[in-house]
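Lettering of chains follows the sequences in order, A, B, ..., and the numbering in each one begins at 1. We use all heavy atoms of the structure for the numbers below, so side chains are in, but hydrogens, waters and symmetry mates are not.
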Amino acid sequence: MSGLRVRFAPSPTGFFHVGSARTGLFNWLIARQQPDGVFILRIEDTDADRNREEWVGGILDALAWLGLNVDEGPFRQSDNVMAHAVSLEQLMAGGYLYYCDCTVEDVAARKGTDKTPGYDGFCRDRGLQRGPHTALRFRTIDEGQTIVHDAVRGAVEFANATIDDFVVARSSGIVLYHLANVSDDRKDRITHVIRGEDHLSNTPKQMMLWEALNDVSDTRLPVPIYAHLPLLVNEQRKKLSKRKDPVSTESFRDQGYLSATFVNYLALMGWSPHGDQEKVPRSTLIEEFRLENVSHSPAFFDVKKMTHMNGEYIRDLTPEEFVGACAPWVCPWTTQWRPTDREPLWSEEQFDPALFTLVAPLIQERVATLGEVPAMIGFFFLDAPDMDDAAFDKAIGGDPLGRTLLVDAIERFADLEWNAATLHQATIELGESMELPLRKAQAPIRCAVTGSLVGPPLFESLELLGRDRTLVLLRDALARPIT
RNA sequence: GGUCCCAUCGUCUAGUGGCCUAGGACAUCACCCUCUCAAGGUGGAGGCACGGGUUCGAAUCCCGUUGGGACUGCCA
């Protein structure tokens, strides 16, 4: 019995940040390492101004997608306001709090040029009673130091004199983050607090609150083990911002990153498995992950690297799995979940699932994200390929040889045993008659049929497309006006 | 400004005093393969921020400097 209990406590103030996803993952990993580990989800929704219900759904969806199953919860911080009030009463009765009527401006004015402390303790001993504009502050310890025994960083020491008397409850009576958080963690019997490094500076305050609550309440609980994860930063080495950086988990899912890739890559942000292998399955993550081995320095979220890894994961799929995985992008009308703002290029009537099953293997090793799939195979389902004008000009429009070759191809393909091998051979011969290597000879045909100079293997594609359709497309290309 | 954290190739990292003329991955360059594009293969370039110590020996320990970051709300 480890009795280990961790919590993941996002606030629903926007889409699901990749940094949150990593914090959730690391908490989950730690919980799963113990047979009796408990992973708790708590929605910190007490800032009514910024929280929106729809974002809660986003958190739940994202967690489900990542496969981070929750043992207890989701709890809502807003459901605990009574408990918060009780904690506040207890601290008040224990003499840990005092009323303060200073405005933000007052505090700033007194500080003047000396911006050293946060709050100067002005109201500490004024013995104020509760009034319409009195916030409640916590009387922090003056002497000695508070040591955070961080599981990632080791001992971090704070001189108590540098910790100012912070506000625990607004003048309206609403209990603020630090107390609410500590109160909730006590209620949930949290043993390990694993969160971003941006909370490290706040930790001594929360430890003081925890000890004070131990003093004034009936239950003494050990201060949790803290672990502060290195921040995820952008290219400017700043903390990833929801406003400025492309960091929404949902958008990566929309683009067609696999859940397995995302989890694997996230784990590499601050941690690494032993050996030279970076592609590690979830089971290995659970086995090998250790807070002690988490890096101390911030990490840049490199989408390029994750994209490459996603390609590897896609290629690892069986053909059947790949077809299934593509569904939200190629036939979203059949799936429960579908990417936002990404309609396939074709309609339900135009799409042919049986044909897609045959086409899929041709592109499985060519895409790095599932979102790339539709554009690569549009010509199989569209009435006319989405013609790349520049490609057309180069291979057909402005190239007499190309046009001649198409004319010859139409004739040659008209009565030919229809399979990739014969088409391949026929195109070689077509080229030889014009002294063109195959790579030149296939270009006009590819362009005419697919609308592009790049794409899946041509002859296999023609075989699947069929003779009639191929001939139509070749003739259409010849009839196309030259720009 | 104060408090705290951090510092190995462009990026993510391995490295816990000798195995390091510093390993891997992404990105990048060259070549090979090849019907295009990818994928794959081979090879190349590229890093211990700086200065002092400690030690027979330092990327690894200590101090300082410089640089970056977080926090510093009656937000969470």
Side chain of [X] only, heavy atoms from C-beta on: which candidate in [options] is closest?
X: S272(A); options: U13(B), U36(B), G24(B); answer: U13(B)
X: V454(A); options: C37(B), G24(B), C5(B); answer: C37(B)
X: K304(A); options: C37(B), A76(B), C26(B); answer: C26(B)
X: E197(A); options: G69(B), C12(B), C71(B); answer: G69(B)
X: R170(A); options: C71(B), C75(B), A76(B); answer: C75(B)
X: H424(A); options: A70(B), C35(B), G24(B); answer: C35(B)
X: F158(A); options: G40(B), A38(B), C4(B); answer: C4(B)
X: Q442(A); options: C12(B), U36(B), C6(B); answer: U36(B)
X: K305(A); options: A7(B), G24(B), C35(B); answer: G24(B)
X: R137(A); options: C35(B), C74(B), A38(B); answer: C74(B)

Can you tell me if the side-chain N/O atoms of [X] get under 4.0 Å from OP1 or OP2 in [N]?
X: K238(A); N: G68(B); result: no
X: H296(A); N: C6(B); result: yes
X: T46(A); N: A76(B); result: yes
X: R315(A); N: G40(B); result: yes

Considering only atom [atom1], compute the distance from [N] to [M] and round it to an integer number of Å.
N: A39(B); M: C32(B); atom1: C1'; result: 14 Å
N: G64(B); M: G24(B); atom1: P; result: 36 Å
N: A27(B); M: U11(B); atom1: P; result: 16 Å
N: U34(B); M: A45(B); atom1: P; result: 28 Å
N: G10(B); M: C6(B); atom1: P; result: 22 Å
N: U8(B); M: G23(B); atom1: C1'; result: 11 Å
N: U3(B); M: C9(B); atom1: C1'; result: 33 Å
N: A59(B); M: A22(B); atom1: P; result: 11 Å

For [X], answer base if it contacts any base atom (sugar-phosphate contacts may also be present), sugar-phosphate if it contacts only those atoms, and nothing otherwise; contact means non-hydrogen atoms under 4.0 Å.
X: H133(A); value: base
X: P437(A); value: nothing
X: R446(A); value: base
X: A299(A); value: sugar-phosphate
X: C102(A); value: base
X: Q277(A); value: nothing
X: K279(A); value: nothing
X: N202(A); value: base
X: M269(A); value: sugar-phosphate
X: S171(A); value: base
X: E235(A); value: nothing
X: L176(A); value: sugar-phosphate
X: E312(A); value: nothing
X: H199(A); value: base

Check for me whether [X] meets the cation-pi criterion with [Y], that is, NZ or CZ under 6.0 Å from the six-membered ring centre and within 45 degrees of the ring axis.
X: K279(A); Y: Y313(A); value: yes
X: R480(A); Y: F392(A); value: yes
X: R126(A); Y: Y98(A); value: no
X: R137(A); Y: Y119(A); value: yes

From [atom1] of [X] over to [atom2] of [N], roughly how many Å is that when rounded to an integer?
X: R195(A); N: C4(B); atom1: CZ; atom2: P; answer: 18 Å
X: R76(A); N: A76(B); atom1: CZ; atom2: P; answer: 16 Å
X: L240(A); N: G69(B); atom1: CG; atom2: P; answer: 14 Å
X: H178(A); N: C71(B); atom1: NE2; atom2: P; answer: 12 Å
X: D198(A); N: C6(B); atom1: CG; atom2: P; answer: 15 Å
X: K205(A); N: C74(B); atom1: NZ; atom2: C1'; answer: 13 Å
X: I363(A); N: C35(B); atom1: CD1; atom2: C1'; answer: 18 Å
X: E460(A); N: U36(B); atom1: CD; atom2: P; answer: 12 Å

Next item on the list: Record whether the side chain of R366(A) comes under 3.5 Å of the base of U36(B) through a donor-acceptor pair of N or O atoms.
Entry: yes
Margin query: Is the distance from the ring center of F380(A) to that of F356(A) below 6.0 Å?
Written below: no
Item checked: Check: Y257(A) ring centroid to F262(A) ring centroid under 6.0 Å ->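 Judged by ring-centre distance (under 6.0 Å), Y257(A) and F262(A) do not meet the cut-off.
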Check: 5'-most contact on RNA chain B: W271(A) or Q236(A), nearest heavy atom basis?
Finding: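 The answer here is W271(A).
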Next item on the list: Nearest-nucleotide wise, let me know which of F459(A) and M309(A) is further upstream toward the 5' end of RNA chain B.
Entry: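 Looking at the nearest nucleotide for each, M309(A) comes out on the 5' side.
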Counting only Watson-Crick or G-U wobble pairs whose two distances fall under 3.5 Å, which nucleotide matches [N]?
N: U34(B); answer: none
N: U54(B); answer: none
N: U60(B); answer: none
N: A25(B); answer: U11(B)
N: C4(B); answer: G69(B)

Notebook entry, point to check: Is the number of heavy atoms from other residues, nucleotides or ligands within 6.0 Å of CD (E292(A)) greater than 12?
Noted result: yes
Notebook entry, point to check: Taking Q145(A) for the side chain and A159(A) for the main chain, is one N or O donor matched with an acceptor at less than 3.5 Å?
Noted result: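 No; zero donor-acceptor contacts below 3.5 Å.
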Margin query: Which residues pass the side-chain hydrogen bond (donor to acceptor under 3.5 Å, both in side chains) test with D476(A), not counting sequence neighbours?
Written below: none
Next item on the list: Using the test ring pair (Phe, Tyr, Trp, His ring centres under 6.0 Å), find all partners of Y226(A) that sit at least two apart in sequence or belong to another chain.
Entry: none
